[in-house]
Asks: 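Take this structure first; my questions come after.
Chain A is the first sequence line, chain B the second, and so forth, proteins listed ahead of strands; every chain is numbered from 1. Worth knowing before you read on, the calculation uses all heavy atoms, side chains too, and leaves out hydrogens, waters and symmetry mates.
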Amino acid sequence: MRSKRQRKSAHLSRRRRLHPHVWLLRHLQVALSSLGRLARAPFSTLMTSAVIGISLALPAGLHLLLQNVQALSGSWDGAATISLFLHRETTAREAGELARDLGLRAGIGSVRLIERDNALEEFQRFSGFSDALRALGENPLPAVIVVEPTADHSTPGAAESMLSSLRTLRQVELAQLDLQWVRRFHAITDIARRAIAVLATLLGLAVMLIVVNTIRLEIQNRHAEIEITKLIGGTNAFIRRPFLYAGLWYGLFGGLLAWFLVVLGIGLLDPPVARLAGLYQSTFELSGMDYPAFLILIGGSTLLGLGGSWLAVGRHLSEIEPS
Amino acid sequence: MRSKRQRKSAHLSRRRRLHPHVWLLRHLQVALSSLGRLARAPFSTLMTSAVIGISLALPAGLHLLLQNVQALSGSWDGAATISLFLHRETTAREAGELARDLGLRAGIGSVRLIERDNALEEFQRFSGFSDALRALGENPLPAVIVVEPTADHSTPGAAESMLSSLRTLRQVELAQLDLQWVRRFHAITDIARRAIAVLATLLGLAVMLIVVNTIRLEIQNRHAEIEITKLIGGTNAFIRRPFLYAGLWYGLFGGLLAWFLVVLGIGLLDPPVARLAGLYQSTFELSGMDYPAFLILIGGSTLLGLGGSWLAVGRHLSEIEPS
Amino acid sequence: MIFFDNVTKSYPGGHRGLSDIDLHIEPAEMVFLTGHSGAGKSTLLKLIGLLERSTRGQVRVGGRNLTRLKKRQIPFHRREVGMIFQDHRLLHDRTVFDNVAMPLVVAGVGHSETSRRVRAALDKVSLLGKEKAYPVTLSGGEQQRVGIARAVVSKPPVVLADEPTGNLDPDLSREIMGLFDQFNQVGVTLLIATHDLDLISTLNKRVLTLDKGRLAQDRPAIAC
Amino acid sequence: MIFFDNVTKSYPGGHRGLSDIDLHIEPAEMVFLTGHSGAGKSTLLKLIGLLERSTRGQVRVGGRNLTRLKKRQIPFHRREVGMIFQDHRLLHDRTVFDNVAMPLVVAGVGHSETSRRVRAALDKVSLLGKEKAYPVTLSGGEQQRVGIARAVVSKPPVVLADEPTGNLDPDLSREIMGLFDQFNQVGVTLLIATHDLDLISTLNKRVLTLDKGRLAQDRPAIAC
Ligand SMILES: Nc1ncnc2c1ncn2[C@@H]1O[C@H](COP(=O)(O)OP(=O)(O)OP(=O)(O)O)[C@@H](O)[C@H]1O
Ligand SMILES: Nc1ncnc2c1ncn2[C@@H]1O[C@H](COP(=O)(O)OP(=O)(O)OP(=O)(O)O)[C@@H](O)[C@H]1O
Ligand SMILES: [Mg+2]
Ligand SMILES: [Mg+2]
């Protein structure tokens, strides 16, 4: 008796293993039929996807903006620079020779000479006090050589020691390590990056919650169907599958919509940014999303959708038992 | 026969009018019982409210940040200012007298004298080229009087005419209407404001959609109940009411959560902002949400919730008919 | 009380549920409705409860012309027609008490009055002890009786029952029919669809027989 | 085929649905189950279909000890037990065909095979014409027959029916019983709960009678 029972129960378990080919085909069928179910309620599907899309578009868009800002300020973001203010008596020729010599030194990446006239010009543009400086009549500014250490000499320590060696040069009145702007800019982008991280976490969570909630309500909604399916011998895996695929589709559609919204947002922001760039005599243009970022957005969104439905299914499917 | 029928049908309609006291009591009951229903599914309620809260927290928080930035730059945002650069020969006493005289002129709101030494200091701080300017040895800067026209003289036209009259003053070497920074700042805040408006619209829409979707699924979920209620003579208003209240509660909770998230976000952003302010030798602190803004956030959120459920109820309740 | 004037009901797809029915049921009459499966019994009851509208002809209930009744007046009509279903139609997330109380809550009856009347109705169907139970914990017969209590709790002038004893044992069926007879004694008009010809034959009531959507027979009660 | 070994089922709250039931049903037997409303008929069927678990004692079906069956094996047990319910339990958003096909889809039967077997099952209950109809458009009797088709489409060795003829007219009831008899002829074990004592008396089958959760009578079929 006992052995017969065991044989029977082994038989029951064996029936669950399927040929991989059949398994794949069934999954494909479920994926398509769950897609069909979503398509039959287009309004609702669109709404859920829209909410997910909007939620994901925000951090994605802001991240893109931050990247743009960093691109705009690429030169600031580089290595520290050392400005050498030369004695006012130094002639343009002397200055040029010094710059050439410096360019050959070990540890120095690039050298830029700003002659006295150019210095005034740049200073005016930079400070916005153009007319005031013009009113001074005589140019009070010295020539400046901007030295950029190579990457391996850009650490604070190496830069400091280079600074002190450059300071001893005869023509140099004052040598200054120019870290202030970099620091300020880093403080600002730090805030932005932190805010975007907080945002992305919150909104990623929100997307999860949306999917969990949608799938949960859908499970409740299809209560009768689940109950009857269990009644006629549907396994949990069989019942679970369409919900998991629904979550996956929601995530995918949401991600695509997010991408679309980011493209749209960039389009909307471009005119005022161009206007702003115009004020700075710049031809800066916002750059769009690149291919890896697109893949990360879509992939992440799909995973969030799948994860959300997994959570919902785990929590709520076992609550429904036929009676 | 006919008149009897009409009497009967009049009777049917008359039963719908209730004493206002009873009406209020019933509404209160429904509001509380729909609250109770939400409380019995705390996870789901929290999720929906969380999604709404996060969606509303974003534009609210960003708007608050923008306000903070504008407060920080309060002086730029005021009326146009005219800077009068005095001849370098002008003594400090002469400059002081001129400033006093100008203060008495019609159309001039305030006058600020920046003496030569102070001008250098301020210029250094502002430009960041402190050491470079110090290296010049001699102070190249003139004293400056900053004139702020009264509000009614701040229009571009009036400011221009004041500028030309001030330009004729003997001590003035150069008079400059200082609009450039204001323009740049406005361009930036314009972008920010535009982005926030786009965001607020999108997210307000998202909140609507979330509520519509939640209520829609809840209606489908309570399909049997609605059908049976219709069967035993429940009016549409009776059936609709709990759903409308549910939407209202979702909106309210979402709004409260959004407020909480904004408070939290300000708390998180405060340290890096303080660090940034420190770099500028400022003691600026982020200011929180004021009472009217709080009310607008909560009220708007509640209305969005109510509106969303109204839409869902209008669309989906009539689809359910008993058979 | 209930008039059918040349009523036809065609379902979408052209299938005729009822054809040319002429019928008059007096107030406080108790009438049985029989016929083979698919004969149109449920359809006839649905027309009275406005779950369906007639395709042609007039249905009048208590002086109301149902053909002309506006949509927003339907609920008020349904409050005057108690309905009992084959499949009970109870709410499974509410107790027996709450299920039976629904028609009173919908009509805005006060709290204590509701409580009193629900208890009285449950008492009549011998379910006073199951007040706080949920429908799933009841046997089929008990659920059926909850449905009956719900249909009569608001004392509607007309009660319709669609195979109310289909799931009951013979003793209980007789008991329920006795209950309907009691309602009938106090002036309620009853229309009961049933297959239980044996049970009908023991009661001296009018019997309507449908056949493929047509009124095949109208056997009046023999006056005693 | 079906063994009950001193089985008791207590519901939460202490109410006893079944008490000390000992029972043995042979393969290919056809057994009726009667008793008053609330006697425990549905409870007994639920124990066999594992909709409920026994509180005490052992239930064995086809050599499987249901008391020890693991949760994830339940679906495979249910595939070998076809169930027919008082309230049909059809899915209202699927056609008759799709409803009947469900057990085959769940078991992973191929497309054309499913189609063939569904049609055969519908043919047996004379509903081949209603294949594409939705359950709401069917009369009560027609829905009942869809439920029967669904229960037998996967040819399970055991079929349970809970008052399958409660909503049917006498002719149709006889017809359905004939159908069950046919299934029985081909080796299906049938257990049918019903109130219809008249119908039972015309068929020479074993009859179990429950009374307040106890097996009150076990009348075997008279061998012909
Ligand atoms: N909503 C519908 N759409 C289409 N046809 C329908 C609909 N409802 C019922 N029918 C058809 O109308 C006919 C009468 O149905 P009805 O439910 O009134 O029968 P019945 O006498 O109550 O039968 P039973 O005793 O089986 O309950 C049946 O043939 C049925 O298929
Ligand atoms: N889930 C449950 N919880 C508590 N009690 C229950 C539950 N299900 C059934 N019961 C009780 O168990 C008893 C037997 O119920 P069961 O449904 O088996 O009766 P039945 O013989 O099928 O009756 P009917 O002919 O009315 O369908 C009844 O008294 C019922 O109230
Ligand atoms: Mg019917
Ligand atoms: Mg039962």
Side-chain angles (χ1 to χ4, degrees), chain A residues 1-30 32-34 36-38 40-41 44 218 221-242 314 317-323, chain D residues 3 11 42-43 45-46 49-53 58 60-85 87-94 98-111 135 147 150-154 156-157 160:
Chain A
M1 192 68 224
R2 169 117 206 155
S3 78
K4 190 183 163 200
R5 215 184 305 139
Q6 279 175 337
R7 238 183 299 126
K8 188 74 190 179
S9 115
H11 163 73
L12 283 183
S13 305
R14 208 172 325 116
R15 290 182 68 167
R16 305 179 67 212
R17 269 166 238 133
L18 286 169
H19 194 278
H21 181 80
V22 177
W23 184 86
L24 206 74
L25 191 73
R26 273 206 212 163
H27 266 266
L28 200 72
Q29 276 176 354
V30 176
L32 287 180
S33 85
S34 107
R37 178 177 283 273
L38 295 184
R40 257 170 284 134
S44 141
E218 194 143 326
N221 226 333
R222 292 167 66 183
H223 190 282
E225 184 178 340
I226 292 168
E227 207 178 299
I228 291 173
T229 308
K230 287 198 173 183
L231 216 49
I232 60 173
T235 58
N236 280 334
F238 179 90
I239 295 168
R240 188 160 45 218
R241 224 169 279 145
L317 217 52
S318 59
E319 284 173 7
I320 299 175
E321 275 300 328
S323 70
Chain D
F3 294 85
Y11 281 109
S42 301
T43 303
L45 297 183
K46 281 179 188 169
L50 267 181
L51 300 185
E52 298 282 356
R53 295 241 188 194
Q58 257 190 20
R60 274 177 286 136
V61 177
R64 281 190 294 284
N65 186 341
L66 300 194
T67 326
R68 299 207 192 152
L69 213 62
K70 288 199 193 70
K71 217 166 174 183
R72 56 183 184 76
Q73 291 182 323
I74 293 178
F76 303 99
H77 168 66
R78 289 201 185 128
R79 289 183 194 174
E80 316 224 315
V81 178
M83 287 180 270
I84 298 162
F85 300 89
D87 52 354
H88 324 320
R89 308 242 180 138
L90 304 178
L91 283 178
H92 289 278
D93 56 350
R94 303 207 183 172
D98 289 344
N99 266 289
V100 174
M102 278 181 79
L104 301 178
V105 172
V106 156
V109 174
H111 207 73
R150 186 183 63 190
V152 301
V153 73
S154 59
L160 310 175

Asks: How many angstroms lie between CD1 in A/Ile228 and NE2 in D/His88, if you round to the nearest 0.5 Å?
Replies: 11.5 Å

Asks: Calculate, to the nearest 0.5 Å, the distance between atoms CG and CD belonging to D/Leu91 and A/Glu227 respectively.
Replies: 10.0 Å

Asks: Under 4.5 Å, counting heavy-atom pairs only, tell me which of D/Gly82, D/Gly108, D/Gly49 racks up the most with chain A.
Replies: D/Gly108

Asks: Around A/His27, counting heavy atoms of other residues, nucleotides and ligands shown, do more than 12 lie under 6.0 Å from its NE2?
Replies: yes

Asks: What part of A/Leu231 gets within 4.5 angstrom of chain D, counting heavy atoms only: side chain, backbone, both, or neither?
Replies: both

Asks: Go through D/Arg89, D/Lys71, D/Met83 and name the one with the most non-hydrogen pairs under 4.5 angstrom from chain A.
Replies: D/Arg89

Asks: Quick check on D/Met102 against chain A: is it the side chain, the backbone, both or neither that has a heavy atom closer than 4.5 Å?
Replies: both

Asks: Quick one: what part of D/Leu90 sits under 4.5 Å from any heavy atom of chain A, side chain, backbone, both or neither?
Replies: backbone

Asks: Just give me the residue among D/Lys70, D/Glu52, D/Arg78 that pairs up with chain A most often, heavy atom to heavy atom, under 4.5 Å.
Replies: D/Arg78

Asks: Measure the CG-CD distance between D/Asp93 and A/Glu225 for me, rounded to the nearest 0.5 Å.
Replies: 6.0 Å

Asks: Over all heavy atoms of both residues, which pair between D/Leu51 and A/Pro322 is shortest? Give the atoms and the distance, please.
Replies: CD2-CG, 3.8 Å

Asks: In a check of side chain to side chain contact (heavy atoms under 4.5 Å, CB included) between A/Ile232 and each of D/Val105, D/Val106, D/Val81, D/Leu104, which one passes?
Replies: D/Val106

